[in-house]
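Report on the following structure.
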Amino acid sequence: MVADDHPLTREGLSLAARAAMPGAMIVSVGSVAEAVAQAEARGRFRMVLLDFQLPDARGYSGLLALQMHDPAVPIVVVTAHEDPSLVEAARALGAAGFLFKSLPLDTIAAKLREVDAGRVTFPADVAPHAAVAAARARIDNLSPAQHRVLIALADGRSNKHIARELDVTEATVKAHLSAIFRRMGVANRAQAMLAMQPLLGDVAAAPPES
C-alpha cells in the first residue's frame, strides 16, 4: 500500500514498489483514515509506504495508527523533510525504513527490496540526535506487549479503547502502564508523553485518563 496525498508522488512510489516486488498489487490512498480502512478491508499488506505528512496525521500518528492495526506489517516512512530527528524517531518507533523522496526511483526500489527481504533501511549518514536517542533509550527495554500499549497511549487512546483493540482486560492494560511508567522512570501518562515527545512531534497531545 502506498499512502501519499500527492497523486504524482503516489505514482512514482508505486512504480518503485512494482520494480522491487514484481507482480505485487499496489493499493494507493491519500490519508491515514483511508490506509486504515484498506488494511481493515483487505487484511495484511506485504508492505506500507507511508508519507510522513498526510493531511490527517500529526507527527508520527499515522505510523502509530497503522502499527496498532497490525504491528507485523513493515512500514517504510517516506518524506521530503531530511531531518535527522525524524529518521531516528522512525527507527525508535519500529518503522522498517525511512526514505527521502529526493532519492532516484531505482534507489528507492533497491531499498524496498531490502525491506521485503526482512531487513531495515535507514540513511547511513544521519548523525544521532541527542534528544531522540535519550527518548529511545527510555523505551528500548519494553516488552512487545508494553510497546504496543505505549504506542496506543501515544496515539491518544483510552484504557478501555486499548483493551478492546488488544483484546485484553482493562486491568491488564493498567498493569502494563504501571510497568511502562516504572521502566521509563515516570509517574503518569503526562510524564510518559513528555518523555516521548522527541519521538512523536505533535502527536503527543494530552490523552484521556481512562
Side-chain angles (χ1 to χ4, degrees), residues 1-84 86-126 144-145 147-148 151-152 154-155 165-167 199-201 203:
M1 177 162 59
V2 176
D4 194 290
D5 61 327
H6 292 92
L8 186 59
T9 303
R10 279 203 304 270
E11 182 59 29
L13 292 173
S14 296
L15 287 172
R18 290 190 183 96
M21 297 167 281
M25 182 182 72
I26 309 298
V27 174
S28 297
V29 298
S31 70
V32 174
E34 291 175 6
V36 172
Q38 287 292 332
E40 291 173 346
R42 296 174 180 270
R44 178 167 295 172
F45 278 88
R46 184 168 170 180
M47 187 186 304
V48 174
L49 306 186
L50 178 66
D51 182 17
F52 176 72
Q53 280 197 314
L54 288 173
D56 55 346
R58 296 173 54 204
Y60 274 114
S61 64
L63 173 65
L64 299 177
L66 289 169
Q67 282 180 325
M68 272 299 298
H69 179 75
D70 191 340
V73 176
I75 301 174
V76 178
V77 176
V78 291
T79 182
H81 297 281
E82 302 190 10
D83 183 339
L86 293 182
V87 178
E88 288 301 300
R91 193 199 307 267
L93 291 173
F98 191 101
L99 300 176
F100 298 134
K101 291 181 179 180
S102 59
L103 291 172
L105 285 184
D106 58 346
T107 300
I108 292 177
K111 299 291 185 181
L112 296 184
R113 278 192 286 272
E114 292 183 29
V115 174
D116 194 45
R119 297 185 288 274
V120 297
T121 180
F122 291 88
D125 57 348
V126 173
H147 193 260
R148 291 195 70 194
I151 284 173
D155 202 27
E165 291 201 350
L166 300 185
D167 195 24
L199 299 177
L200 302 174
V203 74

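One-based numbering along the sequence shown.
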pair R91-V120: side-chain heavy atoms closer than 4.5 Å: no

Scan the side chains in residues 5-19 for donor-acceptor partners under 3.5 Å anywhere in the protein, sequence neighbours excluded, and list what turns up.
unit_1	atom_1	unit_2	atom_2	d
R10	NH1	D4	O	2.6
S14	OG	R10	O	2.8

For residues F45 and D70, determine if any side-chain heavy atom of one lies less than 4.5 Å from a side-chain heavy atom of the other. no

Quick check: does any side chain N or O of Q67 sit under 3.5 Å from a backbone N or O of L93, one acting as donor and the other as acceptor? yes

Within this structure, what is the NZ-CD distance for the pair K101 and E82, rounded to the nearest 0.5 Å? 12.0 Å

Decide yes or no for L50 and L63: does some side-chain heavy atom of the first lie under 4.5 Å from some side-chain heavy atom of the second? yes

Identify the heavy atoms of A90 and Y60 that sit nearest to each other, and give their distance. CB-OH, 3.3 Å

Less than 4.5 Å apart, side chain to side chain, heavy atoms only: is that true for M47 and M21? yes

Would you say that H147 contacts I151 through its side chain, given a criterion of any heavy-atom pair below 4.5 Å between the two side chains? yes

As a test of understanding, state which of V78, V87, I108 forms a side chain to side chain contact (heavy atoms under 4.5 Å, CB included) with F100. V87

Under 3.5 Å, which donor-acceptor pairs link side chains of residues 23-32 to any protein atom two or more places apart or in another chain?
unit_1	atom_1	unit_2	atom_2	d
S31	OG	E34	N	3.1

Do you know the tightest heavy-atom contact between A35 and A3? CB-CB, 4.5 Å

Report the distance from atom CD of Q38 to atom CE of M1, rounding to the nearest 0.5 Å. 7.0 Å

Find the distance between CG (L99) and OG1 (T107) and round it off to the nearest 0.5 Å. 9.5 Å

Between M68 and A152, what is the shortest heavy-atom contact and its length? SD-CB, 3.6 Å

D116: partners by salt bridge (Lys or Arg N to Asp or Glu O under 4.0 Å), with sequence neighbours left out: R46

Hey, does V76 have a side-chain heavy atom less than 4.5 Å from the side chain of V48? no

Any side-chain heavy atom of F98 within less than 4.5 Å of one from T79? yes

